[in-house]
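In what follows, a structure is listed as structure tokens, so that the remarks can point back to it.
Order of the sequence lines fixes the chain letters, A, B, ..., with proteins taken first and strands second; residue numbering starts at 1 for each chain.
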There are 2 protein chains.
Amino acid sequence: MMAIRSPQPAPAQNPAVTVDVLVFTIREDALQVALIKRGIEPFKGSWAIPGGFVLPHESLEEAAAREVREEAGVTDVFLEQLYTFGRPDRDPRCRTITVAYYALVPSVHIHLSASTDAAEASWFPVKRLPPLAFDHADILQTALERLKSKLEYSSIAYALLPERFRLSELQKVYEVILDRKLDKRNFRKRILSLDLLEATDQVDAGGAHRPARLYRFKERRIVSFD
Amino acid sequence: MMAIRSPQPAPAQNPAVTVDVLVFTIREDALQVALIKRGIEPFKGSWAIPGGFVLPHESLEEAAAREVREEAGVTDVFLEQLYTFGRPDRDPRCRTITVAYYALVPSVHIHLSASTDAAEASWFPVKRLPPLAFDHADILQTALERLKSKLEYSSIAYALLPERFRLSELQKVYEVILDRKLDKRNFRKRILSLDLLEATDQVDAGGAHRPARLYRFKERRIVSFD
DNA sequence: TGAATAGTGTCTTTCAGACAATATGCC
DNA sequence: GGCATATTGTCTGAAAGACACTATTCA
């Protein structure tokens, strides 16, 4: 069976396409996200997820990686496409479709840079966010859900930690993302049984207490379990 | 700390944005996908995933729903965004970014329609696909992985079945998507323990054998378990 | 009565979760 | 020796997976 439908012509003007990147890290025992304060209208003075146009020669992922590099000065970070947001009215200026990515950077000193159309850049704990521009609150919510669910069945946590870490640091990553306390014995039993980690022969240079053994991920890449 | 980076200006011309939709159904005990035979260059004569431009006034999801309606003549189907594909060279004509969706339609007679730039539309079992245009083989692969994983932890199977169905039909849905046989007793025990189904007082009008009880989903919407 | 599918129970293993005491290094 | 964190095991309940026979209807 065959029928003819009316064609949809190419629109007179294409929508603008941007890539927005949520850069997450763990700081001060909290999950934090990098935001910029907008220096131009619309939403001048509001905080927003950093992003920019996709250039003609680059892929979406390359555009996202460039954004992370410009924003946080880091390369080789975990970067994954999140979702594409395209409500017709999401940008009052013109039709804009944004492909959102999220990046995970290790909890070390990350130097945020403000871009030209941003007055300021800063980390915010995801539990204490300022009002966000555009539909960025939706995007952030989507990212937090993805992060929680991926943490449960994959090894993404490696991307938030330095190469060597204490098991208690790894547990803290799980706790701040899942937003609940975990039992130490059960956590260690489960995480070690996954066979993703190996103990190193080093211990940390901690404080006035028993030093902890340092572990590392056997592979510093995403592995799914379950 | 603050640094100034060079701005990325808006590109002289925006990329084209399309929505492609993988329409899946179960036919002849196989997972099948609707494809169109391209009537125009490039890839004239190749099979492709149906799609089209996003119109100025519609959201991405509305564009995808319109595509399903035009292609398969059905509304109210399960529809979910899959992934956005944007390799710079994926369309030889011009920079084109496609937001891929997938739809699940019940295994009843679906009347496929060819659009104007398609010579023909047809169902293909996903295990016997023709060569596909553009990067559509990648898109299909991504969809199959998503479908398998969502089947395991959500109730999407409802969208592939009529309102009332035999448990053996439901099991078949799982088997053809996961591409492996399942044990009948374990399958029934597990699926019934999820408390998503309810038995109706009807049995099917089957053949020369004991009739099967018909079940239905308590809620015809996606529910996640695990 | 034979063909075809429907329908059902037990056992074993694995995993998750509740739960508390001892060990070690540093000051 | 006191403090702060590290490290470790048992029990219980739930769920997954292996596995085979009886029931029912129709031709």
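Protein atom CG of Leu178(A) is 15 Å distant from nucleotide atom C1' of dA16(C), rounded to whole Å. In this structure, CZ of Arg213(B) is placed 15 Å from C1' of dT5(C), rounded to the nearest angstrom.
Contacts classified as ring pair (Phe, Tyr, Trp, His ring centres under 6.0 Å) and involving residues 17-37 of chain B (residues at least two apart or in different chains) are not found. Residue pairs meeting the ring pair (Phe, Tyr, Trp, His ring centres under 6.0 Å) criterion with at least one member in residues 127-150 of chain B, sequence neighbours excluded: Phe43(B)-Phe134(B), Phe134(B)-His136(B).
Remark: Thr98(B) engages Thr18(B), Asp20(B) in a side-chain hydrogen bond (donor to acceptor under 3.5 Å, both in side chains) (not counting sequence neighbours). Evaluation of the side-chain hydrogen bond (donor to acceptor under 3.5 Å, both in side chains) rule for Asp195(A) yields Lys218(A) as partners, not counting sequence neighbours. In this view, Glu219(B) and Arg221(B) satisfy the side-chain hydrogen bond (donor to acceptor under 3.5 Å, both in side chains) rule, not counting sequence neighbours. In this view, Asp183(A) satisfies the side-chain hydrogen bond (donor to acceptor under 3.5 Å, both in side chains) rule with no residue, not counting sequence neighbours. Taking Asp76(B) as the reference, nothing meets the side chain to side chain contact (heavy atoms under 4.5 Å, CB included) condition, with sequence neighbours excluded.
For Glu198(B) and Arg216(B), the salt-bridge test passes: some basic side-chain N is under 4.0 Å from an acidic carboxylate O.
Two residues are said to be in side-chain contact when any heavy atoms from C-beta on lie closer than 4.5 Å; Leu104(A) and Ile156(A) meet this criterion. Thr25(A) is not listed as a side-chain neighbour of Val33(A), based on a closest heavy-atom distance of 4.5 Å or more.
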Enumerate, atom names and distances included, each donor-acceptor pair closer than 3.5 Å involving a side-chain atom of residues 206-215 of chain B, sequence neighbours excluded.
| unit_1 | atom_1 | unit_2 | atom_2 | d |
| --- | --- | --- | --- | --- |
| Arg213(B) | NH1 | Thr200(B) | O | 2.8 |

Output one letter per nucleotide in nucleotides 22-27 of chain C: B when a protein non-hydrogen atom lies under 4.0 Å from the base, S when only the sugar-phosphate is that close, - when neither is. -BBBS-
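Scanning both residues, Leu178(B) and Glu152(B), for their nearest heavy atoms gives CD2-OE2, 4.0 Å.
Under 3.5 Å, the side chains of Thr84(B) and Thr84(A) contain a donor-acceptor pair of N or O atoms.
Regarding contacts with the backbone of dT5(C), every side-chain N or O of Ser168(B) stays at 4.0 angstrom or more from both OP1 and OP2.
Comparing the local axis fitted to the first five base pairs of the helix from dT1(C)-dA27(D) to dC27(C)-dG1(D) with the one fitted to its last five gives a bend of 0°, rounded to 10°.
Applying a 4.0 Å cut-off to non-hydrogen atoms, the residues of residues 183-198 of chain B that approach DNA chain D are Asp183(B), Arg185(B), Asn186(B), Lys189(B), Arg190(B), listed by residue number.
Of all nucleotides in DNA chain D having an atom under 4.0 Å from a heavy atom of chain A, the first and last in 5' to 3' order are dC3(D) to dT10(D).
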